[in-house]
Amino acid sequence: MPMNVKTKLVNLIASYIKRITFFRLAVLCTALLIIITLLVLTEFFRTDRYREFLLTFTAGRPAPGDVILTHDLVYLDSVETERQRRNRELRMLPVFVFQPAILDEVRKKIEGFRQFLSRRKARGAGGADAPLPGQVQPGQVQSDRVYSDRVYLEIFQPNELEYIERSLPEDTLARILSGYAEEMLTDGYYRIPPGFNEKYPKGLLDVFVKADTPSRLADISEVLTREVFHDFFLRKAYNDKIPPDTARALLIAAYSFFEENVYFDGEATFERLNKIREEVQPVLRTIPGNTILVSKGRIVSDQDIEKIRLLAFSRTGHAPRGVPGPITYLVLLIFIAMILMRPPMLEKGLGDRPFLFLACIHTLYFVSSILMYRFIALPEQFPLAVILPTALVTMLISVIISYRAGVLNAVILALGQILFPAVSPEAIAFVFFSGIIGTRVVRKADKRLALLNAGMILCLQQGLAAVVLSFLSGFGGYFFLGVVVASALSGLVWGILNLTVLPLVERITRAATKFRLMELSDPDTPILKRMLNLAPGTYNHSISVGNLAETACREIGANALLARVGAYYHDIGKIDHAEYFIENQSGYNKHDELNSGLSSAIIRSHVKIGVEQAGKLGLPDEVTDIIAQHHGGGFIRYFYQKAIESKQKCVAEEDYLYTGSPPQSKEAAVVMLADSVEAVSRLFKKPTYATIEKAVNGIFKEKMESGQLDKAHVSLSELSTTQKCFVKVLSGQFHSRIEYPALSSPGEGASKNGASTAPPHPGRQ
């Protein structure tokens, strides 16, 4: 992996770990601890009744019951497989490599030795020009002296040099040694490792001279090695009629100069050995299905015991397994899930409640799966995956969070199947497709009764997936029918259960599902009826804001239903004090009796009261956020200016600011803008398209300049589209009118709640 990719990956992991809050870390650790504890307990305390029954059979005693195979049992005959591999290994030839360059090196040593003897002879004759050891004769090129005299003085003892010099002239010595080296090293001088004959008793060698040339065979009993070098050399000298003393002198020199030039290549031999072992196909034995291995009461033989033990320990769903491996994989799976559940993947943020919901539902899923895999005894060819609540999990996630989250969690659940012993690829595929089917059947459901139809569709599609799974796995007979029926019935059950538990999950998670939002948008809900009775002006204002927000959100691709519901409920904090808000007043204004600071506090409090009411009503978090953010940190300029004009003492600007946070979503931003636009529209007396457009433009400009839209993740293009939608809706509401002269700008003067649409206070950014 390139270094820059590694660096980016490490930085991504580090940045993500830093963003994990203590709450989420505690949730993850708790879920991990529960699953690991269950894995450990079920690993050590699980039981397999059928296996225990098979293990009660004893050779030489009557069988306690019938042992019947319901399907073909295929097993690996490891003994026969290893025997065939060993036979192939014995016929394999070890690899040797011929190195011709060593012969050139030997020639140089012999020639250097001849020159060395010549110089010794010259010094012994007392010649004045005889060079000292290591000197170069005049006119001699330094490169001709490959080896210095000191080398030969270290190789040979003084008595050996004297013996060689007495035996034959240096020219004759060099000529004979060169000839012998040429002949012996051309055929090959072999270095045989210790214990080679025991490991490769065949005796034949495969010798490679060059990588691109064919190899040649050699018999180890006929090649020249260090062990037979002495006898081989003397025998050759004898055949060449060389006197014994001379032959011994030549042998002394040859021992020092001749080097092995054929070496054993252990790496190439090992590769050839592995290749040969891989080429041997495993020997498989098959016991046909519907076969009675042992009848009750029959004396059990040793051969029967072998087959019974094989059957007992070949049960794929109950194979012995350790704990560290699954735990390590589980930790890795949780990390993968955390990466997949990031906002860039979900295209939305994941709050603490949805995060807790995901952790809980995954924990329940894996806990139930572990218990099923450990303790439910099903036939060998009946995959447990067909009855796991995978579709239920992905349906709930799709409805509570998003369709994309459902798809990503289908991947996570499929990967999670690897935790369980000997799960087949077909079962993993079924879990994945079951999860995908669950997300798709609820994607377009807009009413709760539609979930019942979704359950029927899930039943049919899971049954079809089981048919494909059965064909891939080769199921036959009643196994095929059982898998298909179980898949279809489980799909129907999960669909009905989803319809049953969804309202409870919605309440607990406070998720803004479309079903919950549709219910909240019903004017007959108690809180909206109460608003209509106690604060009719606020009610009409909220309905108008909802129409504006819904239209705009639909145009920019935001959640139009969420915007409409958020607009309906954004001012529920005004219900108990409706008379203090201008839209509910009819001539008498209670603020005339109050000082500006108290009036500002009452106006500001409706946001906090609205959030508290939302908590009591169990409204979705997204709706509560819209209530909390629909004024952001806006400035109540009307009462601030009134306080300045009345010359009150200690007029603090902070007392006239909303304490909410700016909108954090597109829907909250659109509701904020719609709220201000609708309030200003009530000041229109004889509006025209131009005056409406001017007023809307002013509001958008004021919100942008005051920084109220900085965190809403809404683009300028989307703001432009929203602005056009507002103008279009308001123009249709007030109809087209002729523009009257001297019409004052509706942006000037007091707006709803006494707040002005003029630019913010110079100190407010």
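- Remark: D187 engages no residue in a salt bridge (charged side-chain N to carboxylate O under 4.0 Å, His left out) (not counting sequence neighbours).
- Under the salt bridge (charged side-chain N to carboxylate O under 4.0 Å, His left out) criterion, R443 pairs with no residue, sequence neighbours left out.
- Evaluation of the side chain to side chain contact (heavy atoms under 4.5 Å, CB included) rule for A59 yields D302, I305 as partners, not counting sequence neighbours.
- A search for side chain to side chain contact (heavy atoms under 4.5 Å, CB included) contacts involving R91 returns N87, R88, not counting sequence neighbours.
- With sequence neighbours left out, the salt bridge (charged side-chain N to carboxylate O under 4.0 Å, His left out) criterion links R216 to no other residue.
- Contacts of R272 classified as salt bridge (charged side-chain N to carboxylate O under 4.0 Å, His left out), with partners at least two apart in sequence or in another chain: D206.
- When all heavy atoms of R353 and I508 are compared, the pair lying nearest together is NH1-O, 3.2 Å.
- With sequence neighbours left out, the ring-ring contact (aromatic ring centres under 6.0 Å, His included) criterion links Y329 to no other residue.
- You'll find the ring centres of Y189 and F229 inside the 6.0 Å limit.
- A cation-pi arrangement, defined by a distance under 6.0 Å to the six-membered ring centre and an angle within 45 degrees of its axis, is absent between R191 and Y263.
- Under the ring-ring contact (aromatic ring centres under 6.0 Å, His included) criterion, F96 pairs with F196, F264, not counting sequence neighbours.
- The pair E89-R86 counts as a salt bridge, with a side-chain nitrogen and a carboxylate oxygen less than 4.0 angstrom apart.
- In terms of the side-chain hydrogen bond (donor to acceptor under 3.5 Å, both in side chains) criterion, residue partners of T513 (sequence neighbours excluded) are, by chain and number, E506.
- Of all non-hydrogen atoms in D219 and G203, the two that sit nearest each other are OD1-O, 3.4 Å.
- Looking only at side-chain heavy atoms (C-beta outward), L204 and I220 stay at 4.5 Å or farther from each other.
- Residues that satisfy the side chain to side chain contact (heavy atoms under 4.5 Å, CB included) test with L25, not counting sequence neighbours, are I20, C29.
- Residues meeting the side-chain hydrogen bond (donor to acceptor under 3.5 Å, both in side chains) test with Q84, sequence neighbours left out: E80.
- Contact of the V207 side chain with the L217 side chain is not registered, since no non-hydrogen atoms from C-beta on lie closer than 4.5 Å.
- With sequence neighbours excluded, the residues forming a side chain to side chain contact (heavy atoms under 4.5 Å, CB included) with I34 are T30, T363, V367, listed by chain and number.
- Of all heavy-atom pairs between T394 and G435, the closest is OG1-O, 3.0 Å.
- Using a 4.5 Å cut-off on side-chain heavy atoms (C-beta onward), I400 and M395 make no contact.
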